[in-house]
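Let me begin by presenting the structure, written as structure tokens, before commenting on it.
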Amino acid sequence: MASLAPPCIPLQTHTFDSDSTQKRTEEWLFTSLKSPRTPTQLKSLHAHVIKTNLAQNDLVLGQLLLCSSLSDSTNYARRVFDSIPQPKPFFYNAMLKGYSQTGQPREAIRLYSLLRANSVASDSYTFAVVLRSASLLGLIPVGEEVHGLVLKMGFDCNLIVQTALIDMYCACGFSSYARLVFDRIINKDVICWNTMISGYVKCAEFGRAREVFDEMPTRSVSSWNIMVDMYCECRDIENARRLFDEMPDRDVVSWNAMISAYAKIGQCEDVRWLFDKMPKKNVVSWNLVISCYVHNGRFVEALELFRTMQVSDVMPNEVTVVAVLPACGHLGALDLGQWIHGYISRSQIKMDLYVNTALINMFGKCGSVEEALMVFDSAIEKDTFLYNTMIDVLAMHGKAEAAFGIFENMRGAGIKPNDVTFVGLLKACSHVGLVNNGMKYFKMMTEEYGLIPKVEHFGCIVDLLGRSGYLKEAHELIKHMPMEPHPILLASLLSACRLHKNVRLAEEVALQLVELEPENCGNYVLLSSIYSKAGRWDEAAKLRRMMKDKGIMKKPGCSSIEVNNGVQEFFAGDRDHPQFNEIMEMLDQIS
DNA sequence: CTAGGGTTAG
């Protein structure tokens with residue numbers, strides 16, 4: 001949920017001299033509470049409310065609640081709410097509104113139970129908010145109870161409540177109940193129609209959704225957007241595009257929905273073409289293109305686009321930084337990563353779970369374990385993803401003990417490890433050769449947590465055994481795995497053979513590997529280097545000839561560095577760089 | 001009512 005809070009404008013000065021009457025203070029408070037406020041401002045305003053005996057004034061107090069709720073300070077609002085002896089129905093609604101708008105449906109439902117327990121009157125507004133929360137949580141019992149009350153109290157002519165009911169029933173998977181409500185409404189508005197259509201889409205009843213769409217007397221842009229989105233979900237991009245081209249008007253959402261469709265299937269060119277063509281872009285548009293580039297390994301372009309965004313009129317948000325940070329990580333662009341870290345602290349971007357995870361991952365990939373740990377320690381909320389990432393970063397840097405420690409913290413905090421957690425732990429073991437620990441975690445994962453080992457886990461174990469010289473055991477494990485041997489496992493064993501100079505097994509594995517993926521140059525290179533190391537030059541030469549005959553090219557190695565806020569990529573054997581000679585001279589000097 | 005985000009074996 002995006003922050004509704006700041007920019008908070010400063011409070012207008014108000015003096016409490018003899019001139020300032022109660023009325024004027026009241027007016028001042030009321031205006032001040034119309035805009036979002038920082039926690040400090042709220043506190044001082046609340047103090048004034050109490051000091052001036054305005055706590056009896058329902059209007060001012062209600063406005064204070066509403067203001068706190070909508071300034072992302074629902075906790076503060078709740079404290080004020082709880083200090084009121086008998087809150088008026090309006091206060092409940094203000095609180096409910098806050099919970100609903102800050103994405104806390106669970107709290108909204110809890111407050112609603114309190115409202116029912118205290119027999120406080122509800123109105124159509126209460127019902128609409130509670131239904132929305134129930135729909136988010138899929139709480140059909142609450143939804144049905146509210147439906148009963150709505151009928152009993154005669155709110156069944158209220159379009160907003162009816163629409164909320166349709167949404168709730170569809171979110172809980174009962175589209176037929178929703179349809180019953182829908183059919184009884186006489187004067188349906190566009191939102192009501194749209195809710196029915198999107199409800200059918202949510203229940204994966206695409207044919208019905210289309211029927212309702214075709215029946216609509218008048219369609220809004222959203223109606224079309226829902227349909228475009230529906231076809232995207234069915235992976236029917238042709239129909240999505242047909243509808244997009246057909247629709248009479250397109251808004252940002254329409255363009256973004258279409259861009260998102262192309263992004264999902266990795267068509268960066270179409271994504272970029274639409275992005276450049278759209279008349280008005282918002283933050284979602286930028287995020288879509290950036291993340292599309294990143295997901296397709298086009299990190300340099302992603303960073304370039306991020307730079308362009310900074311000089312545009314759109315401000316980056318949480319999603320933007322989560323999208324660009326992996327690009328920094330992949331390119332090892334620590335400077336830029338650090339700059340983004342600072343930028344987040346300076347701006348209104350919240351360090352949520354996603355942002356923190358992306359930061360830890362980026363710092364880890366860029367080699368700064370210290371900064372990764374700093375972000376980890378400062379994270380207020382920690383979930384499985386965040387722990388997994390931290391464990392993985394420590395494993396990557398050979399800090400096995402620290403990784404184990406984080407794992408223990410995780411268990412202590414009651415956060416459930418998943419299969420990825422164990423990939424990290426096993427990786428930590430294999431990097432420092434802790435065979436016993438590795439076996440312990442492998443056992444723990446299956447026996448204590450009931451997780452089914454995947455190729456990734458076997459990969460770590462093969463690596464762990466192989467590196468420590470248990471080549472035979474590793475080979476046996478691959479043979480007896482419950483799944484097909486992934487080429488990566490064999491490649492891992494092959495490099496272990498090279499490490500421990502076991503040419504006989506290496507040959508066996510390499511042949512199997514070459515059979516499995518004949519087009520991969522790496523396998524030939526590895527085997528040929530094993531032959532060379534063992535002094536079997538003719539076999540090595542034979543292999544290279546074989547590669548040539550099959551037309552297998554060695555892929556150039558690639559590395560990148562940050563230069564003046566840009567990222568330069570280098571390919572092995574690339575002599576086309578304009579400053580090639582200077583670079584070589586510099587390299588000579590360095591060595 | 002509609003669009004965007006994080007961890008995974010060499």
Side-chain angles (χ1 to χ4, degrees), chain A residues 2 163-164 166-167 170 189-199 201-202 219-230 232 250-261 263-264 278 281-292 294-295 316-326 329 352-362 364-365 383-393 395-396 417-427 430-431 453-464 466-467 486-496 522-523 526:
Chain A
T163 308
I166 295 170
D167 185 48
C170 289
D189 65 356
V190 194
I191 295 179
C192 188
W193 282 89
N194 289 349
T195 308
M196 194 61 243
I197 300 174
S198 78
V201 174
K202 272 183 209 143
R219 302 182 182 102
S220 67
V221 188
S222 299
S223 326
W224 289 88
N225 290 346
I226 297 166
M227 293 313 284
V228 171
D229 195 51
M230 180 187 90
C232 296
R250 282 170 283 267
D251 62 5
V252 210
V253 178
S254 329
W255 287 90
N256 288 347
M258 204 57 234
I259 291 179
S260 151
K264 277 203 188 93
M278 66 194 292
K281 309 166 193 6
N282 68 4
V283 64
V284 177
S285 328
W286 287 91
N287 293 347
L288 274 165
V289 192
I290 293 175
S291 79
C292 182
V294 173
H295 285 308
N317 66 2
E318 288 80 10
V319 183
T320 320
V321 294
V322 169
V324 262
L325 283 171
D352 65 12
L353 279 169
Y354 289 86
V355 172
N356 280 328
T357 307
L359 278 170
I360 294 169
N361 188 37
M362 179 277 296
K365 291 235 163 71
D383 71 349
T384 307
F385 275 73
L386 195 95
Y387 275 107
N388 288 355
T389 309
M390 193 63 243
I391 290 173
D392 183 65
V393 164
M396 210 162 38
N418 63 11
D419 52 334
V420 181
T421 319
F422 286 96
V423 172
L425 289 168
L426 293 174
K427 208 159 98 179
S430 87
H431 282 193
K454 298 200 295 189
V455 200
E456 286 90 336
H457 303 96
F458 285 107
C460 293
I461 298 281
V462 167
D463 195 52
L464 173 61
R467 271 178 211 255
H486 193 282
I488 287 172
L489 300 196
L490 291 166
S492 159
L493 181 57
L494 186 57
S495 52
N523 303 327
L526 214 50

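Only a predicted model underlies this, so the values are computations on that prediction, with no experimental measurement involved.
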Under 4.0 Å between any heavy atoms, over every strand shown, what does [X] touch: base, sugar-phosphate, or nothing? Just pick one.
{"X": "A:Asn317", "result": "base"}
{"X": "A:Lys365", "result": "sugar-phosphate"}
{"X": "A:Leu353", "result": "base"}
{"X": "A:Asn356", "result": "nothing"}
{"X": "A:Ser222", "result": "base"}
{"X": "A:Leu288", "result": "sugar-phosphate"}
{"X": "A:Thr389", "result": "sugar-phosphate"}
{"X": "A:Val462", "result": "nothing"}

[atom1] of [X] versus [atom2] of [N]: gap in Å, rounded?
{"X": "A:Met230", "N": "B:dA3", "atom1": "CE", "atom2": "C1'", "value": "17 Å"}
{"X": "A:Asn282", "N": "B:dG5", "atom1": "CG", "atom2": "P", "value": "14 Å"}
{"X": "A:Asn418", "N": "B:dA9", "atom1": "CG", "atom2": "P", "value": "14 Å"}
{"X": "A:Leu489", "N": "B:dA9", "atom1": "CG", "atom2": "P", "value": "12 Å"}
{"X": "A:Leu464", "N": "B:dG10", "atom1": "CG", "atom2": "P", "value": "11 Å"}
{"X": "A:His457", "N": "B:dG10", "atom1": "NE2", "atom2": "P", "value": "13 Å"}
{"X": "A:Asp251", "N": "B:dA3", "atom1": "CG", "atom2": "P", "value": "11 Å"}

#### Entry: Polar side chain donor-acceptor pair, A:Ser222 to A:Asn225, under 3.5 angstrom
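No - no donor-acceptor pair under 3.5 Å links their side chains.
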[N], OP1 or OP2 - any side-chain N/O from [X] closer than 4.0 Å?
{"X": "A:His295", "N": "B:dG6", "answer": "yes"}
{"X": "A:Ser492", "N": "B:dA9", "answer": "no"}
{"X": "A:His431", "N": "B:dG10", "answer": "yes"}

